[in-house]
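See structure below.
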Number of protein chains: 2
Amino acid sequence: MKPLPRHQDPRCVPVRRLLQTIGSKWSTLVVLHLEADSKRFSELKRAIGGVTQKSLTSTLRELERDGLVERVVTPTIPPRVDYALTPLGRTLLDPIKALTSWAIENNDAVLAARARYERLNEAA
Amino acid sequence: MKPLPRHQDPRCVPVRRLLQTIGSKWSTLVVLHLEADSKRFSELKRAIGGVTQKSLTSTLRELERDGLVERVVTPTIPPRVDYALTPLGRTLLDPIKALTSWAIENNDAVLAARARYERLNEAA
DNA sequence: GAGGACAGTTTCCAAAAGATACCTGGGTAT
DNA sequence: ATACCCAGGTATCTTTTGGAAACTGTCCTC
């Protein structure tokens, strides 16, 4: 029974949980790729590129667990599995896009800051 | 020289870098705490609570490296170190707040989804 | 009946993140 | 003098994350 590190800030808990989810390496890419329409597992894998089955599986499980993505099994022969954003997941698109827009627009500024930082600190 | 895993999606690179930075355990808390005014190291540490020196140090270094936070050393005796958001860092406040608002507003929905998920999958 | 697509699972492994604890070295209060 | 504040640094440990590769098992095509 460790005395849970008490974070004074109540903002911490849900915010950290969200950032944990969408901060994982592939989840935002998955969400963005599902915006237009639902996709099958290997469609997603191909579309994203560079992701292993395991990583994609666990990413999808996490998003599914949090109710952001829905796993739709169509019991045809052979069964077909599609992944789609839930309504809740769709409400995340706006904040995520705000963030990705920022990242793209300020990419140069961040890279410049990094270069400057390294110039000042590696030079020593 | 590893042949960098090439991600087809060009959105990936800057977005991943940003999420890497702000997805780290304490960085959003730091940014939010610096919104009103600059703070000293131990002020931040106390205000956030539950963070170790090492984690706070590396968080601040990362934010500084990316040009989001500025480290201001006032050469008084004893020297005094303040951390403040840069103008670039301030532009991140809006997207971050959009995300944190989402997290807080949809906290219940996410928790409900988790409970449902676990009920369905652990039950087996 | 060999091979490949689909949708994974499992095992093993390396790298990164985070926590704990201890050290520095000057300044300040008692 | 002693002990604590500030702003860290270092060393070690555990946990988490992510990647590689192999394996399942059903279906379809050649």
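Proteins get letters first, then strands, A, B, ... in listed order; numbering begins at 1 in each. Everything quoted here is computed from the prediction, not taken from an experiment.
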Point to revise | Euclidean distance, A:Arg71 CZ relative to A:Glu64 CD, rounded to 0.5 Å | key: 6.0 Å
Point to revise | Proximity to DNA chain C (any heavy atom under 4.0 Å), residues of residues 76-85 of chain A only | key: A:Val81, A:Tyr83
Review point. Is any side-chain N or O of A:Thr52 closer than 4.0 Å to OP1 or OP2 of D:dA20?
Key: no
Review point. Salt-bridged, B:Lys39 to B:Asp82, with N to O below 4.0 Å?
Key: no
Point to revise | Partners passing side chain to side chain contact (heavy atoms under 4.5 Å, CB included) against B:Ser42 (at least two apart in sequence or in another chain) | key: B:Arg46
**Study point:** Point-to-point distance, once rounded to the nearest 0.5 Å, from CD1 of A:Ile96 to CG of A:Leu18
**Key:** 7.5 Å
Exercise for review: With rounding to the nearest 0.5 Å, note down the distance linking CG in B:Asn107 to CH2 in B:Trp102.
Suggested key: 9.0 Å
**Study point:** All side chain to side chain donor-acceptor pair (under 3.5 Å) counterparts of B:Lys97, not counting sequence neighbours
**Key:** B:Glu35
Review point. Atom CG of A:Leu56 and atom CD1 of A:Ile48: how far apart are they, to the nearest 0.5 Å?
Key: 5.5 Å
Study note, to complete from the structure: When rounded to whole Å, the CD1 to P distance for the pair A:Ile48 and D:dG19 reads 11 Å
**Study point:** Atom pair distance, as rounded to whole Å: NZ in A:Lys54 and P in C:dT11
**Key:** 11 Å
Review point. Which parts of residues 56-74 of chain B get close to DNA chain C, meaning a heavy atom less than 4.0 angstrom away?
Key: none
**Study point:** Phosphate OP1/OP2 of C:dC6 contacted by A:Arg46 side-chain N/O (<4.0 Å)
**Key:** yes
**Study point:** Proximity to DNA chain D (any heavy atom under 4.0 Å), residues of residues 35-43 of chain B only
**Key:** B:Arg40, B:Phe41, B:Ser42
Review point. Are side-chain heavy atoms of B:Ile22 and B:Val31 found at a separation under 4.5 Å?
Key: no
Check your understanding: Do you reckon A:Leu19 sits in the same ILVMFWY cluster as B:Leu93, going by side-chain contacts under 4.5 Å, direct or chained?
Key -> yes
Check your understanding: Does a side-chain N or O from B:Gln53 land closer than 4.0 Å to OP1 or OP2 of C:dA19, or not?
Key -> no
Check your understanding: Does some side-chain heavy atom of B:Tyr117 sit less than 4.5 Å from a side-chain heavy atom of A:Glu62?
Key -> no
**Study point:** A:Lys25 side chain near D:dG19 phosphate (N/O to OP1/OP2, under 4.0 Å)
**Key:** yes
**Study point:** Between D:dG18 (C1') and A:Leu29 (CG): distance, integer Å
**Key:** 15 Å
**Study point:** Listed partners of A:Arg40 passing side chain to side chain donor-acceptor pair (under 3.5 Å), at least two apart
**Key:** none
